[in-house]
Amino acid sequence: MIEWNAATIKDFQHTLLDWYDQEGRDLPWRHDHEPYHVWVSEIMLQQTQVQTVIPYYERFMDWFPTVADLANAPEARLLKAWEGLGYYSRVRNMQRCAQQLLADYDGQWPQTAAGLEALVGIGPYTAGAIASIAFNQPVPAVDGNAYRVFSRLLKIDDDIAKPQTRQVFEQAITRIMPHDRPGDFNQAIMDLGSSYMTARQPDTAHSPVKRFNQAYLDGQELAYPVKTKKPRPKPVAYVAVLAQMGDQWLMVQRPSTGMLGNLWTVPLIKVDELDLEEDASTADLLAAVTAYFKREYRLILTAKMLKLRPVTHTFTHQKWTIQLIGGQVQPADLAYFAGKGVLLAELDQLPMPKVQEKIFNRANVH
DNA sequence: AACACGTGGGG
DNA sequence: TCCCCAAGTGT
């Protein structure tokens, strides 16, 4: 058994940081320690891979170079900057946070983890990351990498899906991390976790810290971390209505709460909400959709079933199967319609989720 | 304490 | 196709 005494801890710190100094990745947000840069990158990196984030980060800094630019940006522009990244409330919370900083903090970032965690969208992980990287505070940043790395090094078998387990790791890491380079230490752990100490196919034989890895030394690496699995996505049936009014496409903005908040799609209707009988025919479905348009939008829709394969889209917790309907609405003033008519050439101005892109692609709308 | 909340990649 | 994972947070 490895004994994590003071000498082991020093040895580990130096081994890890020496490796990081040599092999650490050169990433766009590592060019300086500006809290704004650290913050934006950390929010983008939540549940999202580095390779995906890089181009989004570059463009975001181009469009919104400062906290004030972010605070004052039109929301549609923000969502456009986030389009395709997912978890769209992240960017809306970022804008609220930016406004909060300007209004209540005189534009000055809190420099402690506790102070940072009081801001919207900043939880324990991000608070630790910003505090350690931007402000040199000796606090851990416990993300999936840290869970994986330290559960293996120390053979911690607490279930990382449980909220209370965080404390176990925070305590262990706080004891092990150096007080002179906390930000580099936290980032080194992340680099380690995404290179040699990955979840499925670790390459610990070549890891700079393999001699500290008790699970590896015991041949039990893949048993860590311990994590209960999540339920399967629940199937949900939808119809999408691709309706034209003259040369415009009918688009609706989703409510600000719930999935894909404030993003734009064609009208998407849960089949359950159409109150169809078990043995409903295609004609019944079209009639129900037409009635829905009249009731909800005050629009007269002429609908037809599109002979296309349904679009499927799987979210973390829902699996949508979407039948496509085409149609036209009589010209109207849209006073009761919670959306607008948009020319094909203007569609790319609207922030839309991936599932909407799939719908347009299936229907060959380009 | 659970569950909602996106998307892309790999096996 | 399905499952799991990836720099989590809000409710």
Side-chain angles (χ1 to χ4, degrees), chain A residues 24-25 27-30 37-57 79 82-94 96-97 116-133 140-149 159-166 169 183 185-195 197-202 222 224-225 227-236 254-263 265 312-321 351-358:
Chain A
R25 291 172 290 182
L27 300 168
W29 47 88
R30 286 184 179 173
H37 297 163
V38 176
W39 174 51
V40 172
S41 67
E42 292 300 343
I43 301 293
M44 284 187 171
L45 286 161
Q46 289 170 9
Q47 306 287 284
T48 310
Q49 298 187 343
V50 167
Q51 171 194 328
T52 303
V53 164
I54 291 174
Y56 280 91
Y57 177 84
L79 289 171
W82 213 262
E83 189 179 71
L85 263 188
Y87 289 143
Y88 297 95
S89 64
R90 287 184 290 175
V91 72
R92 296 169 59 210
N93 283 338
M94 267 210 297
R96 288 173 58 201
C97 179
L116 288 160
E117 207 175 328
L119 296 165
V120 196
I122 298 184
Y125 162 73
T126 305
I130 299 174
S132 62
I133 299 168
V142 187
D143 69 336
N145 288 306
Y147 278 129
R148 192 166 55 256
V149 168
D159 182 355
I160 67 168
K162 297 196 177 308
Q164 58 197 38
T165 299
R166 170 176 294 278
F169 283 79
F185 179 89
N186 285 334
Q187 293 185 89
I189 294 298
M190 299 182 213
D191 281 15
L192 195 58
S194 57
S195 57
M197 296 185 68
T198 58
R200 304 290 198 79
Q201 301 194 299
L222 294 179
Y224 296 87
K227 183 182 183 182
T228 57
K229 50 186 181 190
K230 296 183 172 165
R232 301 172 46 174
K234 196 183 122 188
V236 186
R254 296 179 60 84
S256 60
T257 56
M259 286 183 70
L260 311 174
N262 285 4
L263 272 65
T265 66
T312 61
H313 189 80
T314 305
F315 301 93
T316 309
H317 58 300
Q318 288 180 20
K319 180 182 165 68
W320 289 6
T321 302
M352 297 183 296
K354 279 293 164 185
V355 64
Q356 179 56 54
E357 189 181 319
K358 286 189 188 176

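In the text below, chain A, chain B and the rest are named by the order of the sequence lines, each starting its count at 1. Because the structure is a prediction, the values reported are computed rather than measured. All values below come from the heavy atoms of this structure, side chains included, with hydrogens, waters and symmetry mates left out.
Distance from the side chain of Pro163(A) is smallest for dA1(B) among the nucleotides dA6(C), dC2(C), dA1(B). Taking the side chain of Val50(A) as heavy atoms from C-beta on, and the options dA7(C), dC2(C), dC4(C), the nearest nucleotide is dA7(C). Closest to the side chain of Asn145(A), out of dG11(B), dA1(B), dA6(C), is dA6(C).
Across all strands shown, Arg92(A) has no heavy atoms under 4.0 Å from either base or sugar-phosphate atoms. Looking at heavy-atom distances under 4.0 Å, Gln164(A) makes contact with sugar-phosphate atoms alone, never a base. Here Arg30(A) lies in heavy-atom contact (under 4.0 Å) with a base. Residue-level contact check: Ile133(A) touches neither bases nor backbone, having no heavy atom under 4.0 Å from any strand. Using a 4.0 Å heavy-atom criterion, one finds that Ala129(A) contacts no nucleic acid atom at all. Looking at heavy-atom distances under 4.0 Å, Trp29(A) makes contact with a base.
For the pair Phe169(A) CZ and dG8(C) P, the interatomic distance rounds to 14 Å; values are reported in whole Å. Between the CG atom of Asp143(A) and the C1' atom of dA6(C) there is a distance of 9 Å, given to the nearest Å. Across the protein-nucleic acid pair, Leu222(A) atom CG and dC4(C) atom C1' stand 13 Å apart, rounded to whole Å. One atom, CG of Leu45(A), and another, P of dC5(C), lie 19 Å apart when rounded to the nearest Å. Between the CE atom of Met197(A) and the C1' atom of dA7(C) there is a distance of 16 Å, rounded to whole Å. Between Met44(A) atom CE and dT9(C) atom C1' the separation is 17 Å, expressed in whole Å. Atom CZ in Arg96(A) sits roughly 12 Å away from atom C1' in dT11(C) (whole-Å rounding). Rounded to an integer number of Å, the gap from CE of Met190(A) to C1' of dA7(C) is 5 Å.
The main-chain N or O of Met259(A) is never found under 3.5 Å from a side-chain atom of Tyr88(A) such that the two would form a donor-acceptor pair.
A donor atom on one side chain and an acceptor atom on the other are found under 3.5 Å apart for Arg96(A) and Asn93(A). Counted by atom type alone, Arg25(A) and Ser194(A) present one or more donor-acceptor pairs between their side chains at under 3.5 Å. If you check the side chains of Tyr125(A) and Gln46(A), you find no donor sitting under 3.5 Å from an acceptor.
A gap of 24 Å separates the P atoms of dA7(C) and dA2(B), to the nearest Å. Between dG6(B) and dC5(C), the two C1' atoms lie 14 Å apart (nearest whole Å). One C1' atom belongs to dA6(C), the other to dC5(B), and the distance between them is 15 Å to the nearest Å. Between the C1' atoms of dT9(C) and dA1(B), the separation comes to 15 Å (whole Å).
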Kindly determine whether Leu79(A) and Val91(A) satisfy side-chain contact (heavy atoms from CB on, under 4.5 Å), including the steps that lead there. CA-CA 7 Å; Leu79(A) 289 171; Val91(A) 72; 3.8 Å; yes
Donor-acceptor contacts, no H, no angles, side chain residues 313-321 of chain A, under 3.5 Å, sequence neighbours left out:
unit_1: His313(A); atom_1: ND1; unit_2: Lys358(A); atom_2: NZ; d: 3.0
unit_1: Gln318(A); atom_1: OE1; unit_2: Trp320(A); atom_2: NE1; d: 2.7

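Side-chain contact between Trp29(A) and Met44(A) is absent, with no heavy-atom pair separated by less than 4.5 Å. By the 4.5 Å heavy-atom criterion applied to side chains, Trp39(A) and Ile122(A) are counted as neighbours.
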Where along nucleotides 3-9 of chain B does protein come under 4.0 Å, by heavy atom, of base (B) or sugar-phosphate alone (S), with - for untouched nucleotides? -SBBBB-
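Between dA7(C) and Arg148(A), a contact under 4.0 Å exists linking OP1 or OP2 to a side-chain N or O.
When each of Arg25(A) and Ile122(A) is assigned the nucleotide of DNA chain C bearing its nearest heavy atom, the one mapping closer to the 5' terminus is Arg25(A).
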